[in-house]
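Presented below is the structure to which this report refers.
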Amino acid sequence: MRKWTSKGLLGAGLAAVLAFTSACSQEEESGGGSGTEKKTLVVGTDAAYAPFTYMDKGEIVGFDIDVVDAVMEEAGYEYEIKNMGWDGLFESTRQEQLDLAVCAITISDDRKETFDFSSPYYQSTHMIMTKEETKVNSANDLKNMTVGVLNASTGQIAAEKVMGQNSPNLKKYESDAVSIMSMKNGAVQASVADNTVVTEYMKNNPNEKYNTLTDPETFGSEFYGFMFPKGSEVADDLDAALKTIIENGTYAEIYEKWIGTKPDTDVLQKAAQQAVAS
């Protein structure tokens, strides 16, 4: 048998300490261990889209912001929000300058080619908005009108389905607010935007009179999701947290606070299941 001298014991003890330290260090690097801290995530938004995300007394608030806050708390992440323009939101996410973007962003097959998405957290459709004296009976009436839309939005795509992709009568603006103001000022005859945005504008401007129209045969339902860079390492964590807050009732409280009605969470869950199946 080998005899352990005091020098040998000291060496063995030091080796054990070094091995333990190395193992702990490796565990921390791989994300294990109870003391591991998750990185602070950077969330991008365009705070010009009430009631989803907008500025109120210098603070970014809205339905989307409360949903993000609940998801981050559930998933155990700290985060910071950056306010930027709509086009910059997509480019910054693509270049991985943001960990995710949230701004009533519709999940679409085209966008999935460039980005990853969470499960749906909101169902929407498009609405046509005109002055009181301008009547529309269907989306097909847009063919003979000048129409304002948010540039690079699904509202633009919806209008282009009716008017044609290169229609000179389709005017593209940097926000839905500017599109609506252009309709109000007579620069365009109609504005096409998400139904909740139009409804919110009319609620906040009760003395202004407008016609509104949804056309489900032309404008189908759409779903909003968190948008991530391709291959995001946090997408699964946040998606799991999103599903949890939908199931435990937190989401419903946020929805009723901002939208004023109870959400149909069954529709969201079915849409999520269909997305996985496809």
Side-chain angles (χ1 to χ4, degrees), residues 41 43-57 59-77 79 81 83 86 89 100-108 111 117-127 129 150 153-155 175-177 180 193-206 212 214 216 219-228 234-276:
L41 302 185
V43 182
T45 194
D46 178 12
Y49 211 63
F52 298 100
T53 169
Y54 64 101
M55 300 299 300
D56 183 27
K57 298 177 183 176
E59 182 182 1
I60 302 174
V61 299
F63 172 77
D64 282 6
I65 307 305
D66 280 5
V67 171
V68 166
D69 192 66
V71 165
M72 293 297 182
E73 183 177 353
E74 177 66 33
Y77 285 94
Y79 71 100
I81 290 187
N83 187 19
W86 176 258
L89 199 61
L100 67 149
V102 58
C103 183
I105 300 172
T106 299
I107 303 168
S108 70
R111 288 174 178 168
F117 282 89
S118 69
S119 300
Y121 69 87
Y122 189 84
Q123 182 185 27
S124 176
T125 189
H126 290 104
M127 182 174 280
M129 183 179 185
L150 168 62
S153 68
T154 53
S175 72
D176 280 318
I180 291 172
D194 287 0
N195 61 316
T196 308
V197 172
V198 174
T199 302
E200 181 75 4
Y201 179 88
M202 295 182 67
K203 182 180 78 174
N204 292 331
N205 297 275
T212 60
T214 55
F219 300 152
S221 290
E222 297 180 341
F223 293 93
Y224 300 162
F226 296 166
M227 185 172 72
F228 302 93
V234 300
D236 288 345
D237 271 0
L238 299 187
D239 192 53
L242 174 61
K243 290 176 180 176
T244 297
I245 70 160
I246 289 175
E247 291 169 358
N248 68 17
T250 302
Y251 171 85
E253 292 177 5
I254 297 169
Y255 193 99
E256 289 184 46
K257 170 187 172 182
W258 289 103
I259 310 302
T261 59
K262 294 188 182 218
D264 186 347
T265 55
D266 289 341
V267 167
L268 298 180
Q269 291 169 345
K270 286 178 183 176
Q273 292 167 359
Q274 290 171 355
V276 171

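Quick note: numbers below take in every heavy atom, side chains included, and nothing from hydrogens, waters or symmetry partners.
Surrounding CG of Asn248 are more than 12 heavy atoms belonging to other residues, nucleotides or ligands, all under 6.0 Å away. Within 6.0 Å of CD on Glu73 lie no more than 12 heavy atoms contributed by other residues, nucleotides or ligands.
The shortest side-chain heavy-atom distance between Met55 and Ile60 falls under the 4.5 Å cut-off.
At least one donor-acceptor pair closer than 3.5 Å links the side chain of Asn83 to the backbone N or O of Ala47. The backbone N or O of Val102 sits less than 3.5 Å from a side-chain atom of Thr45, completing a donor-acceptor pair.
Taking each heavy atom of Ile246 and Pro120 in turn, the nearest pair found is CD1-O, 4.1 Å. Listed here is the closest heavy atom pair of Cys103 and Trp86: O-CZ3, 3.5 Å. The heavy-atom pair separating Asp64 from Ala104 by the smallest distance is OD2-N, 2.7 Å. When every heavy atom of Leu41 is checked against every heavy atom of Met72, the shortest pair comes out as CD1-CE, 3.8 Å. Minimum heavy-atom separation, Ser153 to Arg111: CA-NH2, 4.0 Å. Shortest non-hydrogen contact noted between Ile107 and Ser119 is CD1-C, 4.5 Å.
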**Tyr54 and Val61: CA distance, side-chain angles, deciding distance, side-chain contact (heavy atoms from CB on, under 4.5 Å) verdict** = CA-CA 6 Å; Tyr54 64 101; Val61 299; 3.7 Å; yes
**Candidate pair Thr106 and Phe117, rule side-chain contact (heavy atoms from CB on, under 4.5 Å), full reasoning** = CA-CA 10 Å; Thr106 299; Phe117 282 89; over 6 Å; no
**Request:** List the steps, then state whether side-chain contact (heavy atoms from CB on, under 4.5 Å) holds for Val71 with Glu74.
**Result:** CA-CA 5 Å; Val71 165; Glu74 177 66 33; 5.7 Å; no
**Message:** Run the side-chain contact (heavy atoms from CB on, under 4.5 Å) test on Leu238 and Tyr77 for me, step by step, so that the C-alpha distance in whole Å, both residues' side-chain angles and the decisive distance to 0.1 Å come before the verdict.
**Reply:** CA-CA 9 Å; Leu238 299 187; Tyr77 285 94; 3.9 Å; yes
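Atom-to-atom distance recorded for Thr154:OG1 and Phe219:CZ is 10.5 Å, nearest 0.5 angstrom. With values rounded to the nearest 0.5 angstrom, Leu89 atom CG is found 9.5 Å from Leu100 atom CG. Rounded to the nearest 0.5 Å, atoms CD (Glu200) and CZ (Phe63) are 12.0 Å apart. How far CD1 of Ile254 is from CG of Asp69: 8.0 Å, rounded to the nearest 0.5 Å. Gln269 CD to Gln273 CD: the interatomic distance, rounded to the nearest 0.5 Å, is 7.0 Å. Rounded to the nearest 0.5 angstrom, Tyr255 OH and Leu268 CG are separated by 8.0 Å.
Taking the six-membered ring where tryptophan is involved, the planes of Phe226 and Phe228 are perpendicular, since the angle between them exceeds 60° and thus also 30°.
In this structure, a donor-acceptor pair under 3.5 Å is present between the side chains of Asp194 and Tyr49. Between the side chains of Thr214 and Thr125, no donor-acceptor pair is found at a separation under 3.5 Å. Remark: the Ser124 side chain and the Asn195 side chain contain an N/O donor-acceptor pair separated by less than 3.5 Å.
With salt bridges taken as basic N to acidic carboxylate O contacts below 4.0 Å, one links Asp239 and Lys243.
The only member of Trp258, Tyr224, Tyr251 that meets ring pair (Phe, Tyr, Trp, His ring centres under 6.0 Å) when paired with Tyr122 is Tyr224.
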